[in-house]
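I have placed the structure first, in the form of structure tokens, so that the comments after it can refer back to it.
Counting starts at 1 for both ligands and their atoms, following the listed order. We're numbering straight along the sequence, starting at 1.
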Amino acid sequence: MNHVLNKATETASFIRKKITITPSIGLILGSGLGELADEIENRVEIPYEEIPNFPVSTVEGHKGQLVIGDLNGKSVIAMQGRFHFYEGYSMQEVTFPVRVMKLLGVSSMIITNACGGMNADFSPGDLMIISDHINMTGTNPLIGPNETEFGPRFPDMSAAYTKEYIPVVEEIAISLNLKLQKGVYAGISGPTYMTAAELIMLRKLGGDVVGMSTVPEVIVASHMGMKVLGISCITDMAIGEELEGVTHEQVMEIANRTKPKFIQLVREVLPKL
Ligand SMILES: O=P(O)(O)O[C@@H]1C[C@H](O)[C@@H](CO)O1
Ligand SMILES: Nc1nc2[nH]cnc2c(=O)[nH]1
């Protein structure tokens, strides 16, 4: 019955044998943001293909390894490259690393992504703290038998994004003289970017940005009672009424350009979590 728990326990004990620290913070690094993991010191790198029960990253801009070590005084475990539903992985596979991080001792997750800006007040290159999400993936990682060791059958999602983190991060952004937007992340399945009509609908539903990740990982982290900080990097404008084509190369290019301030923000936030 405890299928996922048994697999996650096996994976966690495999990883634990290779590390000497207990990570307290988990990092999931979105497209183009993986270089933050290069700043981790006293590091242990474990390629996904060596990890039992792990999928492998297939998206350009996603390296495909776990990095465990110290970052600005905190013990962290970082996913340098994440898994996406659109790659063909199940929602359970996409979120499996979050289950493993919890078993390794992680209590707070920083989940990041590159996304399209639907709020006209936003600009490409802006960072946004996620205040809430709209799950438009059409599915849910918790569908199927519930393993009570992880969490309840019907989890509350009213505080999926830890409220007390938001002013802390906003204060740090001000101290770094970084413009930080705040808004709602609308999560889609991908891999297609949205049509103009779909973006107009999503915006009307209250989404500020749109992306193809993050929602499943946040649901699973929240299911297990982990604290969650979500940070988006707006890479392109996704406004239905004036939609121009977007490519993954463009997304990567802006994410790479935004990287220095993204890394600076997350480094400064870590000791406060
Ligand atoms: O992992 P993230 O959400 O940052 O990746 C973004 C969204 C899609 O996977 C891809 C679209 O270009 O980049
Ligand atoms: N427009 C748009 N831009 C993105 N950048 C990263 N993900 C997305 C997405 O889903 N839509």
Side-chain angles (χ1 to χ4, degrees), residues 26-37 48 55-65 78-89 91 93-95 97-98 109-120 122-130 133-138 141 181 183-203 205 207-219 229-259 262-263 266:
L27 294 162
I28 300 181
L29 301 173
S31 290
L33 303 174
E35 265 176 49
L36 174 64
Y48 292 156
V56 289
S57 289
T58 67
V59 178
E60 188 207 342
H62 288 262
K63 196 164 186 178
Q65 65 179 7
M79 283 183 72
Q80 205 165 22
R82 61 132 62 80
F83 309 122
H84 305 86
F85 188 48
Y86 64 71
E87 294 177 71
Y89 293 122
M91 280 292 186
E93 288 174 310
V94 165
T95 57
V98 183
M109 291 295 302
I110 301 181
I111 300 177
T112 70
N113 60 67
C115 63
M118 297 191 290
N119 183 325
F122 295 178
S123 306
D126 282 355
L127 297 180
M128 184 194 87
I129 188 164
I130 303 175
H133 73 224
I134 300 172
N135 178 4
M136 293 296 279
T137 63
Q181 306 288 4
V184 173
Y185 178 97
I188 60 173
S189 68
T192 50
Y193 292 111
M194 300 226 104
T195 66
E198 287 166 339
L199 288 170
I200 290 168
M201 173 200 72
L202 267 189
R203 179 67 183 140
L205 293 176
D208 291 293
V209 300
V210 56
M212 305 176 189
S213 67
T214 301
V215 164
E217 296 108 317
V218 171
I219 289 172
L229 167 61
I231 301 179
S232 289
C233 170
I234 290 143
T235 53
D236 56 286
M237 293 313 289
I239 296 179
E241 294 81 354
E242 52 194 58
L243 186 61
E244 290 163 18
V246 58
T247 65
H248 187 54
E249 288 64 37
Q250 267 176 290
V251 167
M252 292 285 298
E253 206 267 323
I254 300 288
N256 282 322
R257 224 191 290 164
T258 310
K259 204 160 28 196
F262 172 79
I263 289 173
V266 175

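Shortest non-hydrogen contact noted between G207 and A186 is CA-CB, 4.4 Å. Residues Y48 and Q80 come closest through the heavy atom pair OH-N, 3.4 Å. Shortest non-hydrogen contact noted between H84 and M212 is CD2-O, 3.8 Å.
Under a 4.0 Å criterion applied to the non-hydrogen atoms of G30, ligand 1 contributes the atoms 1 (O), 4 (O). Set against the non-hydrogen atoms of G116, the atoms of ligand 2 under 4.0 Å away are 1 (N), 2 (C), 3 (N), 4 (C), 5 (N), 8 (C). Distances below 4.0 Å separate heavy atoms of N113 from the following atoms of ligand 1: 3 (O), 4 (O). Listed by number with element, the atoms of ligand 1 under 4.0 Å from a non-hydrogen atom of R82 are 1 (O), 2 (P), 3 (O), 4 (O). Of all atoms in ligand 1, listed by their number and element, those nearer than 4.0 Å to a heavy atom of S213 are 1 (O), 2 (P), 3 (O). Near A238, meaning under 4.0 Å from any of its heavy atoms, are these atoms of ligand 2: 1 (N). Every atom of ligand 2 is numbered from 1 in the order shown, and the set under 4.0 Å from a heavy atom of M212 is 10 (O). Heavy-atom contacts of H248 reach the following atoms of ligand 1: 10 (C), 11 (C), 12 (O), 13 (O) (cutoff under 4.0 Å). In summary, the atoms of ligand 2 found under 4.0 Å from a heavy atom of T235, numbered by their order in the structure, are 5 (N).
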Could you check L202 against I188 for side-chain contact (heavy atoms from CB on, under 4.5 Å), going step by step and ending with a plain yes or no?
CA-CA 10 Å; L202 267 189; I188 60 173; 4.1 Å; yes
Given the rule in the side-chain contact (heavy atoms from CB on, under 4.5 Å) test, do C233 and T112 qualify, once you have shown the distances and angles that lead to the verdict?
CA-CA 8 Å; C233 170; T112 70; over 6 Å; no
Can you list the steps and then say if Y193 with V251 is a side-chain contact (heavy atoms from CB on, under 4.5 Å)?
CA-CA 11 Å; Y193 292 111; V251 167; 3.7 Å; yes
Take T247 and M252 through the side-chain contact (heavy atoms from CB on, under 4.5 Å) test and state the conclusion after the steps.
CA-CA 9 Å; T247 65; M252 292 285 298; over 6 Å; no
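On a distance-only criterion, Y86 and ligand 1 share at least one N/O pair closer than 3.5 Å. Remark: ligand 1 and T112 share no N or O pair separated by less than 3.5 Å (distance only, no angle test). Polar contact check, M212 against ligand 1: no nitrogen or oxygen pair lies under 3.5 Å apart.
Remark: the Q250 side chain and the D236 side chain contain no N/O donor-acceptor pair separated by less than 3.5 Å.
Taking atom 11 (N) of ligand 2 as the reference point, the nearest protein heavy-atom neighbour is Y193 CD2, 3.3 Å. The protein atom (non-hydrogen) at minimum distance from atom 1 (N) of ligand 2 is D236 OD2, 2.9 Å.
Panel note: side chain T195, backbone E198; a donor-acceptor pair is recorded below 3.5 Å.
Remark: R82 CZ to E87 CD distance equals 10.0 Å, nearest 0.5 Å.
Taking only non-hydrogen atoms, the option from A114, G245, G30 nearest to atom 7 (N) of ligand 2 is A114.
Residue contacts with ligand 1, taken as heavy atom pairs separated by less than 4.0 Å, involve H84 solely via side-chain atoms from C-beta onward.
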